[in-house]
Amino acid sequence: METDNKSTSGAQLKDEENLEGEPFNYDDILKHLGQLGKFQLRAFLWLCLPAIFPGLITMSLTFTGGVPDYRYNSINQTSLGEKNINFCISNQMFHDASSSDNRIKKQCYVYNHTWNNVEECLAGSDVNIDQEIQCSEWVYDDSIFGSTIVTEFELTCDDEHKQPIASTVYMAGNIFGPLIFGLIADKTGRKPAFTLSVLLLSILVTSAAFSTNIITFSVLRFLSAICNIGFFDIYFVWGVEAVGGKYRVAVGFMFQVLFTTGAAVLGIIAYFVRDWRKLHLIMGVPIFTFVSLYWMVPESIRWLIAKKRYKEAKELILKASKVNKRSIPDHLLENRTTTTMDSTENSEEGVMDILRSTVMVKRIVILMTAWFACVMSYYGITFAANNISSKFYINYELIMLVEIPAYVFFIYITEKIGRRLTISAGLMISGLGCLITGLLPADQEVMQVVFSLIGKFFVSTVLAALYAGTLELFPTETRAIAMGICSTFGRFGGIVAPLLADAGSRIDPALPYIIFAIANIAVGVLCFLLPETKNLPLPNNIQEAIDMEK
């Protein structure tokens with residue numbers, strides 16, 4: 001009992017120590033400290049180092065889970081003549097792959113029939129349907145992919161339905177990641193939450209390289225998705241909170257560009273490293289080094305102030321003033337007014353407080369639908385692009401690299417017309433690009449690629465605007481969790497995306513693009529109901545967030 005009392009007393013002393021000092025307005029302080037001085041710039045640049053890895057990990061299944069063409073393996077046949085005949089059977093008898101059934105027969109079945117010679121087989125001798133037997137071994141086309149989980153775990157024929165498991169569970173993991181790590185980041189701080197995500201992500205991605213079956217691999221992909229999206233959201237929020245309003249868009253822009261750069265670099269690495277296990281090691285092992293950022297990057301001052309840890313916040317502000325060689329007026333750090341005294345006594349705001357406000361609920365619902373449509377189209381256009389182009393690696397790089405000029409366009413246009421119009425107009429133009437892609441005839445491959453790139457360009461612009469806009473529409477104490485809720489709902493769109501792309505490959509390549517068009521245009525109209533946040537300070541509490549409607 002005595003030990004318990006001492007522990008309680010120690011905790012109280014720690015809380016009292018954290019509460020020492022005065023509450024202050026960080027936006028006012030930044031006017032004197034500098035919105036992007038050396039102190040903030042150094043923290044931002046450190047956070048840029050890990051920012052390419054989420055793109056690598058997210059898009060890695062494009063290569064590690066690639067599905068090559070395959071056919072019956074006739075290598076065990078006893079004579080050269082019979083081997084040639086069986087090769088003929090598996091590649092010629094069902095050459096017409098106009099339907100899914102014919103494709104499956106060509107890849108998965110061989111006739112239990114003896115031909116006298118290869119010429120007789122090629123001539124197309126009649127064979128009864130009951131003479132088909134299922135293949136037990138396959139030969140894979142390695143012209144695009146080398147070793148993948150499909151070839152390693154033989155996800156063919158009867159096991160072909162297992163191919164989408166890894167991509168589906170990864171997108172499902174993206175649903176839980178923002179919520180879990182958003183809560184951790186809001187409760188414990190940006191630093192500890194980031195460090196935890198780094199440790200777990202490195203272990204999970206590296207471990208996936210040693211998977212012995214599709215279930216183990218999929219479980220590790222699911223868990224790595226939780227950590228990967230949490231990892232991204234934390235450093236994004238952390239970096240944006242460090243700077244003044246003038247540079248928030250630029251910081252978000254750079255993080256988005258680095259995500260895309262990582263995805264594009266992955267395509268180059270995968271072109272030369274076509275073994276899926278080696279690719280996972282290349283991605284996973286370096287992540288562990290980012291644990292060192294715990295000692296390099298200071299905690300978010302905004303978060304410390306929101307948690308009323310004024311003493312720690314003041315120490316960092318004074319340190320920043322020395323590094324930036326700027327002075328902070330004493331009254332901004334020392335004087336306690338009646339208003340600030342009242343704010344100190346108020347209880348902390350949480351997600352339930354947001355849900356009690358009609359204005360905030362309307363805002364979060366609109367943003368959730370925008371995230372869903374945007375993420376669905378973002379990944380869907382990427383995955384479906386392979387259905388309209390035969391040049392795999394070139395098409396992948398184009399669909400990734402088009403994002404970089406999209407983010408440059410975003411940083412320019414959002415300062416001209418604001419966040420709201422960027423989101424609304426961007427979604428509608430992206431939808432129009434998708435609609436044209438879906439309506440063009442199949443023999444217009446070049447034009448299909450062009451308009452799909454237009455769709456990807458504008459939906460990438462919108463995604464960047466959504467990250468910035470969502471952060472700016474919610475108060476500090478609930479900013480990370482609000483971002484997590486909206487981002488989480490968007491991940492449901494991520495789950496739908498590969499399923500629609502797969503439907504496009506099996507049914508009609510136009511189908512996913514028509515769906516993306518309808519969703520984007522409808523949600524684009526809805527987003528006109530959001531308030532504009534251009535040139536407004538980040539809200540510190542719910543009332544300030546509500547007042548943005550004015």
Side-chain angles (χ1 to χ4, degrees), residues 48 50-67 144-145 148 167 170-171 174 205 225 228-229 231-232 236 252-274 276 279-280 282-283 374-411 426 430 433-434 437 445-446 448-467 490-491 493-494 497-498 500-501 504-505 512-513 516 520:
C48 284
I52 68 166
F53 282 86
L56 283 165
I57 295 164
T58 298
M59 300 308 300
S60 63
L61 204 62
T62 305
F63 305 96
T64 61
V67 183
I144 296 177
F145 305 108
T148 73
S167 60
Y170 182 86
M171 290 301 178
N174 283 339
V205 175
N228 190 45
I229 192 65
F231 176 74
F232 177 85
F236 194 99
F253 159 76
M254 280 305 302
F255 285 145
Q256 293 284 2
V257 167
L258 289 169
F259 180 96
T260 301
T261 300
V265 168
L266 170 70
I268 298 172
I269 296 173
Y271 181 82
F272 294 101
V273 181
R274 301 198 181 187
W276 73 273
L279 204 57
H280 260 274
I282 289 171
M283 292 187 297
C374 189
V375 173
M376 178 181 68
S377 300
Y378 176 86
Y379 287 112
I381 294 170
T382 303
F383 298 145
N386 293 324
N387 298 335
I388 60 174
S389 175
S390 56
K391 296 177 175 60
F392 182 82
Y393 284 95
I394 293 176
N395 197 43
Y396 173 83
E397 289 300 321
L398 285 175
I399 212 73
M400 287 293 108
L401 292 175
V402 74
E403 294 182 35
I404 294 178
Y407 298 143
V408 174
F409 176 74
F410 153 72
I411 202 170
S430 174
C434 290
T437 303
E445 181 178 309
V446 173
Q448 285 182 323
V449 170
V450 169
F451 280 101
S452 70
L453 289 174
I454 290 173
K456 181 66 181 293
F457 178 95
F458 281 99
V459 84
S460 299
T461 301
V462 172
L463 189 60
L466 277 176
Y467 269 103
R491 305 307 156 182
L500 289 175
S505 66
Y513 289 98
F516 301 151
N520 286 355

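Residue pairs meeting the salt bridge (Lys or Arg N to Asp or Glu O under 4.0 Å) criterion with at least one partner in residues 395-410, sequence neighbours excluded, are Glu403-Lys456.
A heavy-atom distance below 4.5 Å is not found between the side chains of Val265 and Ile52. Residues Thr58 and Phe259 form a side-chain contact, since some pair of their non-hydrogen atoms from C-beta on lies under 4.5 Å apart. At a threshold of 4.5 Å between non-hydrogen side-chain atoms, the residues Phe272 and Ile268 count as touching. The closest side-chain heavy-atom distance from Phe53 to Val205 is not below 4.5 Å. The side-chain heavy atoms of Phe232 and Ile57, taken from C-beta on, include no pair separated by under 4.5 Å.
To the nearest 0.5 Å, the span separating CG on Leu56 from NE2 on His280 amounts to 11.0 Å. Note that CE of Met283 is 7.0 Å distant from CG of Leu266, once rounded to the nearest 0.5 Å. Here the straight-line distance linking atom CE of Met400 with atom CG of Asn395 works out to 10.0 Å at 0.5 Å rounding. Within the model, atoms OG of Ser460 and CZ of Phe409 stand 12.0 Å from one another, a figure rounded to the nearest 0.5 Å.
Nearest heavy-atom pair, Cys434 versus Gly455, reported as atom, atom and distance to 0.1 Å: SG-CA, 4.5 Å. Shortest non-hydrogen contact noted between Ile229 and Arg491 is CD1-NH2, 3.3 Å. Between Ala264 and Leu401, the shortest heavy-atom distance links the atoms CB-CD2, 3.7 Å. Contact detail for Met59 and Ala263: the closest heavy-atom pair is CG-CB, 3.8 Å. The two atoms that bring Pro50 and Phe231 nearest to each other are CB-CZ, 3.4 Å, heavy atoms only. Across Ser430 and Val459, no two heavy atoms sit closer than the pair OG-CB, 3.5 Å.
Not less than 6.0 angstrom separates the ring centroid of Phe451 from the ring centroid of Tyr513.
Judged as a side-chain contact (heavy atoms from CB on, under 4.5 Å), and not counting sequence neighbours, the contacts of Leu61 are Thr64, Ile149, Ala166, Ser167, Phe217, Arg221. Thr261 pairs by the side chain to side chain donor-acceptor pair (under 3.5 Å) definition with nothing, not counting sequence neighbours. By the side-chain contact (heavy atoms from CB on, under 4.5 Å) test, Leu463 pairs with Trp371, Cys374, Val375, Tyr378, Tyr467, sequence neighbours left out. Under the ring pair (Phe, Tyr, Trp, His ring centres under 6.0 Å) criterion, Tyr407 pairs with no residue at all, not counting sequence neighbours. Not counting sequence neighbours, the partners of Phe255 by the ring pair (Phe, Tyr, Trp, His ring centres under 6.0 Å) test are Phe44, Tyr235, Phe236. Partners of Asn174 according to the side chain to side chain donor-acceptor pair (under 3.5 Å) rule, which considers only residues two or more places apart in sequence or in another chain, do not exist here. Residues satisfying the ring pair (Phe, Tyr, Trp, His ring centres under 6.0 Å) criterion with Tyr393, sequence neighbours excluded, are Phe63, Tyr271. Listed by chain and residue number, Pro68, Phe145, Val150, Thr151 satisfy the side-chain contact (heavy atoms from CB on, under 4.5 Å) test with Thr148 (two or more places apart in sequence, or in another chain). For Tyr379, there are no side chain to side chain donor-acceptor pair (under 3.5 Å) partners, not counting sequence neighbours. With sequence neighbours excluded, no residue satisfies side chain to side chain donor-acceptor pair (under 3.5 Å) with Thr461. Shown here are the side-chain contact (heavy atoms from CB on, under 4.5 Å) partners of Leu453, two or more places apart in sequence or in another chain: Leu398, Ile399, Val402, Val449.
Thr437 places a side-chain N or O within donor-acceptor distance of the main-chain N or O of Gly433, the cut-off being under 3.5 Å.
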